[in-house]
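Structure, as structure tokens:
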Amino acid sequence: ESADNSVEVLEQMGFLYNIAGDYAQALRFYEEATDSLNAQPYSRRNDGAIQLFGDISSLYAFLGMTDLAIEYSDSAIAESNRQGGLMLSDVYRFRAGIYELDDNVAKAMECYLRALAVVDNGVTRSDKDALRALIQSERAHLLINAYPHDIDSVNLAVSILEEAVECDEFDPTDRV
């Protein structure tokens, strides 16, 4: 009887259990949210559907079930495209995380570049400079973790981070 969107509420509960490490409960809520989503007409779907598919993909990636993670990420991309590209840069960022967990640095980097292209060429709800800085900082983090002993990769990561911290969204006192 709540006025809140059931998919969003159930998805958020699943997300909370997921970050708490209770994956069985997270999956239970994600399944319930998926059932609620399937009962809705497409015209009533909102960004909660995108978030649901993205969060399920992240859960499966963390559990080492890469194929399922990619399938749900594909669903998040399709739903985002259906909704005019809503949250698409986030979806590509999360997909990069799937590939990073699977030790596929090249695919992860490709996803970060796609996320940047979406920010540059698509519609966003957030400040484009802040989104670029976030994506670039995650990209730099991947480079440093993947190639800590490769001086060229570390130098590239440092230059990416130097550019990213120029964004007003970052507190200059956090710079190291």
Which pairs with one or both residues in residues 57-83 pass salt bridge (Lys or Arg N to Asp or Glu O under 4.0 Å), sequence neighbours excluded?
Arg45-Glu79, Asp74-Arg95, Glu79-Arg82
For side-chain hydrogen bond (donor to acceptor under 3.5 Å, both in side chains), just list the numbers for Gln51 and Asp55, CA-CA rounded to whole Å, side-chain angles, deciding distance to a tenth of an Å, and then say yes or no.
CA-CA 6 Å; Gln51 190 71 43; Asp55 287 348; 3.1 Å; yes
Are Tyr60 and Tyr72 side-chain neighbours, meaning at least one heavy-atom pair lies under 4.5 Å?
yes
Sub-3.5 Å donor-acceptor pair from the side chain of Asn5 to the main-chain atoms of Glu8, do we have one?
yes
Can you tell me how far the CD1 atom of Ile135 sits from the CD1 atom of Ile160, to the nearest 0.5 Å?
12.0 Å
Close side-chain approach of Phe29 to Glu11, heavy-atom, < 4.5 Å
no
Side chains of Leu37 and Phe53: closer than 4.5 Å at any heavy-atom pair?
yes
Would Asp120 and Lys128 count as a side chain to side chain contact (heavy atoms under 4.5 Å, CB included) here? Give the steps.
CA-CA 7 Å; Asp120 289 339; Lys128 288 184 182 259; 6.0 Å; no
Nearest heavy-atom approach of Gly54 to Ala76 is N-CB, 3.9 Å
Would you find a donor on one side and an acceptor on the other, under 3.5 Å apart, between the side chain of Ser73 and the backbone of Ala69?
no
Which pair of non-hydrogen atoms, one from Ala140 and one from Leu161, has the smallest distance, and what is that distance?
CB-CG, 3.6 Å
Can you hop from Leu88 to Val119 via hydrophobic side chains spaced under 4.5 Å?
no
With a 4.5 Å limit on heavy-atom distance, are the side chains of Tyr147 and Val154 in contact?
no
Heavy-atom check, side chain of Ile50 versus side chain of Gln83, under 4.5 Å:
yes
In this structure, CZ of Arg114 is separated from OG of Ser89 (nearest 0.5 Å) by 14.0 Å
Within the structure provided, determine whether Ile70 and Ser57 are in side-chain contact (heavy-atom separation under 4.5 Å).
no
I'd like to check Leu59 versus Met65 (side-chain heavy atoms, cut-off strictly below 4.5 Å). Are they in contact?
no
Under 4.5 Å between side-chain heavy atoms, hopping through other hydrophobics if needed: is there a path connecting Leu52 to Leu63?
yes
Please tabulate, for the side chains in residues 99-109, all donor-acceptor contacts under 3.5 angstrom to protein atoms that are two or more places apart in sequence or on a different chain.
from, atom 1, to, atom 2, distance (Å)
Asp102, OD1, Thr66, OG1, 3.4
Asn104, OD1, Lys107, N, 3.1

Work out which heavy atom in Leu116 is nearest to a heavy atom in Gln136; give both atom names and the distance.
CD1-OE1, 3.7 Å
Extract all donor-acceptor atom pairs below 3.5 Å that involve side chains of residues 15-27 and protein atoms in other chains or at least two apart in sequence.
from, atom 1, to, atom 2, distance (Å)
Asp22, OD1, Gln25, N, 3.2
Gln25, OE1, Arg28, NH1, 3.2

Would you find a donor on one side and an acceptor on the other, under 3.5 Å apart, between the side chain of Thr34 and the backbone of Tyr30?
yes
Is any side-chain heavy atom of Glu162 less than 4.5 Å from a side-chain heavy atom of Val158?
yes
Residue pair Leu10 / Ala33: nearest heavy atoms and the distance that separates them
CB-CB, 3.6 Å
As an exercise, state the distance from CG of Asp90 to OG1 of Thr124, rounded to the nearest 0.5 Å.
10.0 Å
What one should report as the nearest heavy-atom pair of Ala157 and Ile144 is CB-CG1, 3.4 Å
Testing the basics here: between Tyr112 and Leu142, what is the closest heavy-atom pair and its distance to 0.1 Å?
CE1-CD2, 3.9 Å
Atom pair CD (Glu31) and CD1 (Ile56), whose distance is rounded to the nearest 0.5 Å
8.0 Å
Quick one: pull up OG in Ser126 and CG in Leu131 and give me the separation to the nearest 0.5 Å.
5.0 Å
